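Bear in mind that the values here come from a model prediction, so they are computed numbers and not experimental data.
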Amino acid sequence: MPDAEIAEFIRRAGYGEFLPDTVVSFPGRNQNVAGTTTGGADVFAKRIRGTGQVRAGLRRAVRFERLAAEQPLKHLRWPAPLAGDPHRGIHVTRWLKNCHTAAEEVADGAFGPEPARELGCALGELHSMSAPAELLPRESLPLPNHRILSALSVSQYVESSAGLIALWRIVQRDSAMAEAVRRLREDESFAAAVPIHADLRLDQVLVDRGELLLCDWEEFRRGDAARDVGAVVGEFLFRSVVGIADEEFPPADGDTDGTPDAARAHEEIMTRGVGRLGAALPTLTAFADGYRSVRTAPDPGLAVRAVAFAGWHLFDRVLAAAAFRSDLSPVHRAAAGVGRTALVTPAAFVAVLGLEAV
């Protein structure tokens with residue numbers, strides 16, 4: 001059951017009580033609960049944990065809903081807002097009972113060129129939205145940060161898992177990667193500033209009876225479109241490599257990076273990953289085509305920055321996985337390497353990743 005504060009908020013908003021046998025909880029860093037109420041409403045309630053971040057995040061989400069509602073949009077959709085209280089950190093939208101995420105559809109092989117094109121169109125509309133700068137300011141994001149690739153604070157080190165320590169050991173020897181991240185942030189600062197989602201993943205793209213809806217707008221702001229485009233491409237990169245089961249390539253004891261077995265495992269993982277990425281290329285190309293069919297404004301260097309952000313997205317996903325591991329698996333080592341390559345030499349991968357249209 002939802003906590004008492006969420007239940008009280010839903011009741012005071014006029015939707016009634018949750019029907020106990022309909023309540024569903026969802027995993028995540030925030031408290032997410034959904035259900036049908038005695039008033040007949042299907043509601044999804046999110047309670048964001050934190051203090052100042054709570055109010056800022058929900059203000060951004062509400063700002064998106066208000067700005068987007070004023071736009072003549074054909075492709076961009078989001079769950080209908082029902083109620084919210086930034087001070088309590090509660091945000092309520094319509095619950096899409098039978099929806100799936102795009103991440104699930106990709107895993108099942110059901111997210112092909114047609115929905116990918118529609119996702120591209122939706123992002124193109126988002127990045128073309130009209131929003132006065134005073135209502136939607138340009139806000140910097142903390143990551144990527146080249147400094148964490150060269151040094152950790154004592155608290156970061158103490159709180160790191162063994163898997164993270166193994167990853168830091170690799171990247172902190174890599175001055176080229178740190179320089180690539182520094183250069184990407186510099187290029188981002190000079191790029192055109194447009195409305196962006198800023199925290200996009202395929203599990204935040206809902207598929208409801210063939211319609212795509214984007215959710216989780218707490219990071220909505222004005223920024224570089226390459227962040228959103230790169231996040232989508234990075235998701236496909238990540239799933240092309242990490243979709244290969246870890247169990248097929250178990251880590252050996254100790255540091256085995258230079259052993260023949262490790263080299264053979266890495267080669268096999270990369271060979272399969274290239275094959276999976278090749279299979280995804282028509283989908284990525286359709287995404288890029290859809291994007292450019294809607295967003296026609298010039299954005300020099302967008303494709304190259306998007307590839308670099310895709311590389312960081314891949315690395316960031318490996319960071320998140322390593323935080324809960326006692327080792328760094330061969331599959332995650334390979335994914336980190338792919339992310340590093342995309343970051344350091346992004347121009348070389350624009351065509352490989354189907355982004356020529358962007």
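Ionic pairing of Arg182 and Glu179 is present here: one or more N-O contacts between side-chain nitrogen and carboxylate oxygen are shorter than 4.0 angstrom. Salt bridge annotation for Arg201-Asp216: absent, with no cationic side-chain nitrogen under 4.0 angstrom from a carboxylate oxygen. No salt bridge links Arg77 with Asp208; every basic N to acidic carboxylate O contact stays at or beyond 4.0 Å. Salt-bridge check for Glu188 with Arg185: passed, with a basic side-chain N closer than 4.0 Å to an acidic carboxylate O. A salt bridge between Asp42 and Lys97 is present, with a side-chain N of the basic residue lying under 4.0 Å from a carboxylate O of the acidic one.
Side-chain atoms of Thr285 do not come within 3.5 Å of backbone N or O of Pro282 as any donor-acceptor pair. A distance-only check finds no donor-acceptor pair linking the side chain of Thr36 to the backbone of Thr22 [under 3.5 Å]. With hydrogens and angles ignored, the 3.5 Å screen pairs no side-chain donor or acceptor of Glu139 with any backbone N or O of Arg221. Proximity of a side-chain donor or acceptor of Arg295 to a complementary backbone N or O of Leu123 within less than 3.5 Å is not detected. Remark: side-chain polar atoms of Arg94 are not paired, donor with acceptor, to backbone N or O of Leu82 under 3.5 angstrom. Judged purely by atom type and a 3.5 angstrom limit, Ser161 uses its side chain to pair as donor or acceptor with the backbone of Arg325.
No chain of hydrophobic side-chain contacts below 4.5 Å, direct or via other Ile, Leu, Val, Met, Phe, Trp or Tyr residues, connects Val194 to Phe64. At a threshold of 4.5 Å between side-chain heavy atoms, the hydrophobic network of Ile, Leu, Val, Met, Phe, Trp and Tyr places Leu314 and Ile170 in one connected group. Both Met129 and Val205 are assigned to one and the same hydrophobic cluster, defined by single-linkage of ILVMFWY side chains at heavy-atom distances under 4.5 Å.
From Arg66, atom CZ reaches atom CZ of Arg59 across 11.5 Å, with rounding to the nearest 0.5 Å. Here CZ of Arg272 is found 13.5 Å from OG of Ser240. Values are rounded to the nearest 0.5 Å. Distance CG/Leu119 to CG/Leu200: 7.0 Å, rounded to 0.5 Å. Summarising the geometry, atom NZ belonging to Lys46 is positioned 12.0 Å from atom CD belonging to Gln31; distances are rounded to the nearest 0.5 Å. Leu58 CG to Arg47 CZ: the interatomic distance, rounded to the nearest 0.5 Å, is 11.0 Å. Atom SG of Cys121 sits about 12.5 Å away from atom CG of Leu73, to the nearest 0.5 Å.
Residues Trp312 and Phe309 keep their aromatic ring centres 6.0 Å or farther apart.
Here the options are Asp187, Asp228, Asp299, the test is salt bridge (Lys or Arg N to Asp or Glu O under 4.0 Å), and the partner is Arg305; only Asp299 passes. When Trp78, Tyr15, Phe26 are each tested for a ring pair (Phe, Tyr, Trp, His ring centres under 6.0 Å) with Phe44, only one passes: Phe26.
Taking the six-membered ring for Trp and thresholds of 30 and 60 degrees, Phe220 and Trp217 have ring planes more than 60 degrees apart, a perpendicular arrangement.
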